[in-house]
Amino acid sequence: MKLATFNINGIKARIEALPAWLAEAKPDVVCLQEIKSVDEGFPREIFEDMGFAVETHGQKGFNGVAILSRLPLEDVVRGLPGDASDEQSRWIEATVIGESRSVRVCGLYLPNGNPAPGPKYDYKLAWMARMEARVAELLATEEPLAFCGDYNVIPQPEDAAKPAVWAEDALFLPQTRAAYRRIVNLGLTDAFRAVDQTPGRYSFWDYQAGAWERNNGIRIDHLLLSPQCADLLVTAGIDKAVRGLEKPSDHVPVWVELAL
DNA sequence: ATGCCCAATATAATTGGA
């Protein structure tokens, strides 16, 4: 089972590039971020016609997450538990029913948090604390879990072409990385790093200042696996070439192959 | 020190992104 995460930066803008990548890469399950669409505005028929079940958690203008799956989806949860007043659509969960076993897939779009310090950074840290609590809660089930998405966290200096530039940024501040490590240290495995420790593997290149042409990227899209899910890990990768295609997102897909 | 580029909104400047 091939499971991917892809921040598409707007479903309307990616209405050709996303189906093209799906046809080429043939993932079974995809977590999408930044659909920038309400549920009713998401073009679900395009993906249903390609054989995907479609579950969305949208929002007008910004944010918005979705799961596409060739396998059945059950028990969908929309929104990160822990704060009923949070109106931003950044979290969706569903159980993917495989032939031999199932995996709980959580798609997430973690807040950017800039500028830091400030209210947006406070929101990021509070959101990460809520995520930590939700991860702990799900880990107690001892089911295979995959937390897939745009974390807006650069975990290590080798995950940025120019780490010094990010020193004061909400994506790389010590507090951000510490909060990320607290989540990982609950017992999760960074699937990509489990199979590839090479420095300079990126998942995002800014549209500005020729970042793609200069390979000035960062790795901020991650798939974190619970122990029972990491046991199923076959391989993982980043579809870097997607960034160089026609009308690309600023992120590229990251994926894992699971023995599911 | 800031904008660069891109997407969405609701008109044309503004907001958010990372």
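Just so it is clear, the structure is predicted and the values come from calculations on it, not from any experiment. In the text below, chain A, chain B and the rest are named by the order of the sequence lines, each starting its count at 1.
- For the C1' atoms, the distance linking dA7(B) with dA12(B) amounts to 15 Å, nearest Å.
- Side-chain nitrogen and oxygen atoms of Tyr109(A) include at least one within less than 4.0 Å of the OP1 or OP2 phosphate oxygen of dA18(B).
- Going from atom CD of Glu168(A) over to atom P of dT2(B) covers 13 Å, rounded to whole Å.
- What separates CG of Asp250(A) from P of dG17(B) is a distance of 12 Å, to the nearest Å.
- Between the CD1 atom of Ile8(A) and the C1' atom of dG17(B) there is a distance of 15 Å, given to the nearest Å.
- Between Asn112(A) and dG17(B), a side-chain N or O to OP1/OP2 separation shorter than 4.0 Å is absent.
- Regarding contacts with the backbone of dG17(B), a side-chain N or O of Arg90(A) is found under 4.0 angstrom from either OP1 or OP2.
- Formation of a donor-acceptor pair under 3.5 Å by the Asp39(A) side chain with backbone atoms of Gly58(A) is found in this model.
- Not a single donor-acceptor pair, N or O on each side, falls under 3.5 Å between the base of dA18(B) and the side chain of Asp169(A).
- Using P as the reference atom, dG3(B) and dG16(B) are 15 Å apart when rounded to the nearest Å.
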Could you write out each protein N or O paired with an N or O of nucleotides 3-8 of chain B at a distance under 3.5 Å?
| residue | atom | partner | partner atom | Å |
| --- | --- | --- | --- | --- |
| dC4(B) | N1 | Gln208(A) | OE1 | 3.2 |
| dC5(B) | O4' | Tyr207(A) | O | 3.4 |
| dA7(B) | OP1 | Arg14(A) | NH1 | 3.2 |
| dA7(B) | OP1 | Lys247(A) | NZ | 3.1 |
| dA7(B) | OP2 | Lys247(A) | NZ | 3.4 |

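- The shortest distance between the side-chain N/O atoms of His251(A) and the OP1/OP2 oxygens of dG17(B) is not below 4.0 Å.
- Taking the P atoms as reference points, dT15(B) lies 14 Å from dT11(B), given to the whole Å.
- Between dT2(B) and dA18(B), the distance separating the two C1' atoms is 15 Å to the nearest Å.
- Trp166(A) places its CH2 atom 10 Å from the P atom of dA18(B), with the value rounded to the nearest Å.
- For Glu168(A), the CD atom counts as loosely surrounded, since its 6.0 Å shell holds 12 or fewer non-hydrogen atoms of other residues, nucleotides or ligands.
- At a cut-off of 3.5 Å, with distance as the only test, no side-chain donor of Arg219(A) or Ser203(A) sits close to an acceptor on the other residue.
- As rounded to the nearest Å, dA10(B) and dT14(B) have P atoms that lie 16 Å from one another.
- Asp150(A) comes within contact range of the sugar-phosphate backbone alone, with a heavy-atom separation under 4.0 Å but no base atom that close.
- Residue Arg78(A) places its CZ atom among more than 12 non-hydrogen atoms of other residues, nucleotides or ligands, all under 6.0 Å distant.
- Per the geometry, CG belonging to Asn63(A) stands 9 Å off C1' belonging to dG16(B), to the nearest Å.
- The shortest distance between the side-chain N/O atoms of Asn7(A) and the OP1/OP2 oxygens of dA18(B) is below 4.0 Å.
- Between Arg219(A) atom CZ and dA18(B) atom P there is a gap of 17 Å when expressed in whole angstrom units.
- Counting to the nearest Å, the P atom of dA18(B) and the OH atom of Tyr202(A) are 18 Å from each other.
- Heavy atoms of other residues, nucleotides or ligands lying less than 6.0 angstrom from CD of Gln175(A) number 12 at most.
- The aromatic rings of His222(A) and Tyr151(A) sit tilted relative to each other, their planes meeting at an angle between 30° and 60°.
- A salt bridge links Arg130(A) with Asp86(A): the distance from a Lys NZ or Arg NE/NH1/NH2 to an Asp or Glu carboxylate oxygen falls below 4.0 Å.
- Between the side chain of Asn114(A) and the backbone N or O of Ala170(A), at least one donor-acceptor pair lies under 3.5 Å.
- Separating the NZ atom of Lys124(A) from the P atom of dG17(B) is a distance of 11 Å, rounded to the nearest angstrom.
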